[in-house]
Engineer: 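Here it is, the structure in full.
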Amino acid sequence: MAPGAEVLDPGARRAARVRVGGVEVDALTEDDVVAWVAGELESGRGGRIVTPNVDICRAAVADPALNDLVCSAELVVADGMPLVWAARLQGTPLPQRVTGADLIWSLSRSAARHGWPVYLLGGPPGVARKAAAELTSRFPRLRVCGAHGPPYGFDATTEGRESVLRRVVAARPRLVFAGLGFPRQDRLIADLRHELPGTWFLGCGAAIGFAAGTVARAPEWMRRAGLEWAFRLAVEPGRLARRYLVDDLPFAARLLGGSLIARVRSGARSRPAIRQSG
């Protein structure tokens with residue numbers, strides 16, 4: 001192991017998961033996640049990272065199979081600020097928002113330090129290669145063993161799906177960034193876990209496009225304020241309007257309102273009864 005490398009002893013700083021938005025989330029910071037993955041890779045163990053946002057939670061609440069796909073991951077961290085707010089409101093705070101768009105950089109930094117080869121999977125033609133070039137420009141020691149954007153609908157046939165699986169397995173990566181969207185990326189990752197048990201996988205959605213610079217990301221102040229969704233809506237209204245405004249916004253409102261009500265009720269139950277004097 002490289003001197004000064006960050007490693008988190010499994011279980012040393014891992015608290016019980018927090019239930020928020022209908023899924024179980026680990027109360028970890030981004031640094032904790034990177035250190036955890038480094039420790040597991042050093043020990044030869046692989047795993048999955050899922051970063052649920054409001055849209056993923058909404059889907060997981062409606063479908064028990066998707067809920068299990070999320071909650072069975074070795075690490076589950078909140079990508080959406082509404083989840084962080086809801087956890088705080090219900091009295092089980094999370095330390096911070098942890099996004100796939102940030103983890104692709106911090107995990108690549110760790111991979112470059114340790115010499116772990118990474119594989120980028122997803123995005124339109126050429127985007128994964130552009131993202132790989134950006135990452136290696138930032139981290140010159142990073143080894144990219146593959147960068148591939150499968151054609152849209154590749155997993156509609158057994159042949160197309162198997163072709164992508166074989167390609168990833170043949171590259172023997174230690175880290176895979178899969179940006180195919182939920183749940184497509186997570187189902188593919190679940191299959192790859194059987195073939196690559198010592199590899200860590202991050203389902204990172206649009207993060208490959210962000211890293212490549214082909215998809216604009218919100219300014220830092222908007223991310224901190226929980227307004228990244230508004231920025232993305234302004235950039236891609238045709239694709240995201242229904243998802244954000246019709247599906248996700250009402251779910252987020254119910255989530256926050258329900259968390260506040262649960263906190264108020266919990267506080268009322270915990271208050272001691274006041275005896276009336278005779």
Side-chain angles (χ1 to χ4, degrees), residues 1-18 24-53 56 70 73-81 83-84 87 93-122 131-132 134-145 147 173-179 185-186 189 192-193 196-208 210-212 217 220 223-224 228:
M1 186 189 313
E6 76 290 356
V7 173
L8 185 65
D9 178 33
R13 295 175 59 188
R14 184 167 181 173
R17 282 182 166 177
V18 172
E24 304 287 337
V25 179
D26 291 301
L28 298 173
T29 66
E30 182 182 344
D31 288 344
D32 289 337
V33 171
V34 174
W36 184 283
V37 171
E40 292 291 275
L41 282 171
E42 285 290 308
S43 300
R45 293 185 293 267
R48 294 190 293 127
I49 306 170
V50 178
T51 60
N53 54 20
I56 291 175
V70 172
E74 282 72 15
L75 291 178
V76 183
V77 286
D79 190 320
M81 278 304 297
L83 274 68
V84 175
L94 298 170
Q96 67 177 139
R97 178 190 183 207
V98 183
T99 73
D102 292 323
L103 282 171
I104 195 172
W105 292 97
S106 52
L107 287 171
S108 291
R109 180 188 301 112
S110 183
R113 181 181 303 161
H114 292 87
W116 295 321
V118 305
Y119 194 106
L120 283 79
L121 178 66
E134 293 293 331
L135 290 168
T136 53
S137 175
R138 176 85 63 89
F139 311 116
R141 294 174 58 192
L142 181 66
R143 294 170 52 202
V144 177
C145 62
R174 298 300 306 281
L175 275 168
V176 175
F177 303 129
Q185 65 195 15
D186 303 272
I189 285 170
L192 284 166
R193 281 281 287 126
L196 297 168
T199 297
W200 271 85
F201 299 85
L202 169 66
C204 59
I208 291 177
F210 291 149
R217 196 175 181 200
E220 179 65 31
R223 295 181 230 164
R224 289 197 304 268
E228 188 162 12

Engineer: Can you name the residues that form a ring-ring contact (aromatic ring centres under 6.0 Å, His included) with W105, not counting sequence neighbours?
Structural biologist: none
Engineer: Within the side chain of R143, is there an N or O that forms a donor-acceptor pair under 3.5 Å with the backbone of G115?
Structural biologist: yes
Engineer: With the side chain counted from C-beta on, respond yes when V144 and L120 share a heavy-atom pair under 4.5 Å apart, and no when they do not.
Structural biologist: yes
Engineer: Is there a side-chain contact between I49 and T51 (heavy atoms, below 4.5 Å)?
Structural biologist: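 Heavy-atom side-chain distance check passes, below 4.5 Å.
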Engineer: Are side-chain heavy atoms of V118 and C145 found at a separation under 4.5 Å?
Structural biologist: no
Engineer: If you define the side chain from C-beta out and look only at heavy atoms, does anything of P173 sit under 4.5 Å from W116?
Structural biologist: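 The answer is no, as the side chains (C-beta and beyond) never meet within the 4.5 Å cut-off.
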Engineer: Using modelled atom types only, decide if a donor and an acceptor are shared between the side chain of R174 and the backbone of L41 within a distance under 3.5 Å.
Structural biologist: yes
Engineer: Any idea which heavy atoms bring V84 and A78 closest together, and the distance?
Structural biologist: CG2-CB, 4.3 Å
Engineer: With rounding to the nearest 0.5 Å, note down the distance linking CD1 in I56 to CG in L83.
Structural biologist: 9.5 Å
Engineer: Identify the two heavy atoms, one from I208 and one from G179, that lie closest to each other, and give their separation to 0.1 Å.
Structural biologist: CD1-N, 3.7 Å
Engineer: Does anything in residues 97-109 form a salt bridge (Lys or Arg N to Asp or Glu O under 4.0 Å)? List the pairs, not counting sequence neighbours.
Structural biologist: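 Every salt bridge (Lys or Arg N to Asp or Glu O under 4.0 Å) pair that includes a residue of residues 97-109, provided the two are not neighbours, is D79-R97, R97-E228, D102-R217.
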Engineer: Checking V37 against L175 for the side-chain contact (heavy atoms from CB on, under 4.5 Å) test, could you report, in this order, the C-alpha distance in whole Å, the side-chain angles of both residues, the deciding distance, and whether it holds?
Structural biologist: CA-CA 9 Å; V37 171; L175 275 168; 4.2 Å; yes
Engineer: Less than 4.5 Å apart, any side-chain heavy atom of T99 and any of V77?
Structural biologist: no
Engineer: Quick one: CG on L192 to CG on L121, what's the gap to the nearest 0.5 Å?
Structural biologist: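 If I round to the nearest 0.5 Å, the distance is 8.0 Å.
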Engineer: Quick one: does E74's side chain have a donor or acceptor within less than 3.5 Å of a partner on R48's backbone?
Structural biologist: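 Answer holds: yes.
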Engineer: Given the rule in the side-chain contact (heavy atoms from CB on, under 4.5 Å) test, do D186 and F201 qualify, once you have shown the distances and angles that lead to the verdict?
Structural biologist: CA-CA 9 Å; D186 303 272; F201 299 85; over 6 Å; no
Engineer: Could you tell me if the side chain of L75 sits less than 4.5 Å from the side chain of W200, heavy atoms only?
Structural biologist: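 Yes; the side chains approach each other to less than 4.5 Å.
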Engineer: Are V98 and L28 close enough that some pair of their side-chain heavy atoms sits under 4.5 Å apart?
Structural biologist: no
Engineer: For the side chain of Q96 and the backbone of E30, is there at least one donor-acceptor N/O pair under 3.5 Å apart?
Structural biologist: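 Yes: the side chain of Q96 pairs with the backbone of E30.
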Engineer: Supply the atom-to-atom distance F177 CZ to L107 CG, rounded to the nearest 0.5 angstrom.
Structural biologist: 5.0 Å
Engineer: Only counting residues at least two apart or in another chain, list the ones meeting salt bridge (charged side-chain N to carboxylate O under 4.0 Å, His left out) with R224.
Structural biologist: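 For R224, the residues satisfying salt bridge (charged side-chain N to carboxylate O under 4.0 Å, His left out) (neighbours in sequence not counted) are E220.
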Engineer: Decide yes or no for S108 and L142: does some side-chain heavy atom of the first lie under 4.5 Å from some side-chain heavy atom of the second?
Structural biologist: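 In contact.
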Engineer: Report the residues that fulfil side chain to side chain contact (heavy atoms under 4.5 Å, CB included) with A207, sequence neighbours left out, ordered by chain and then residue number.
Structural biologist: A101, I104, C204
Engineer: With sequence neighbours excluded, what pairs up with A87 under the side chain to side chain contact (heavy atoms under 4.5 Å, CB included) test?
Structural biologist: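 Result, side chain to side chain contact (heavy atoms under 4.5 Å, CB included) vs A87: V18, V20, T92, L94.
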Engineer: Strictly below 4.0 Å, N to O, side chains only: are R17 and E24 in salt-bridge contact?
Structural biologist: no
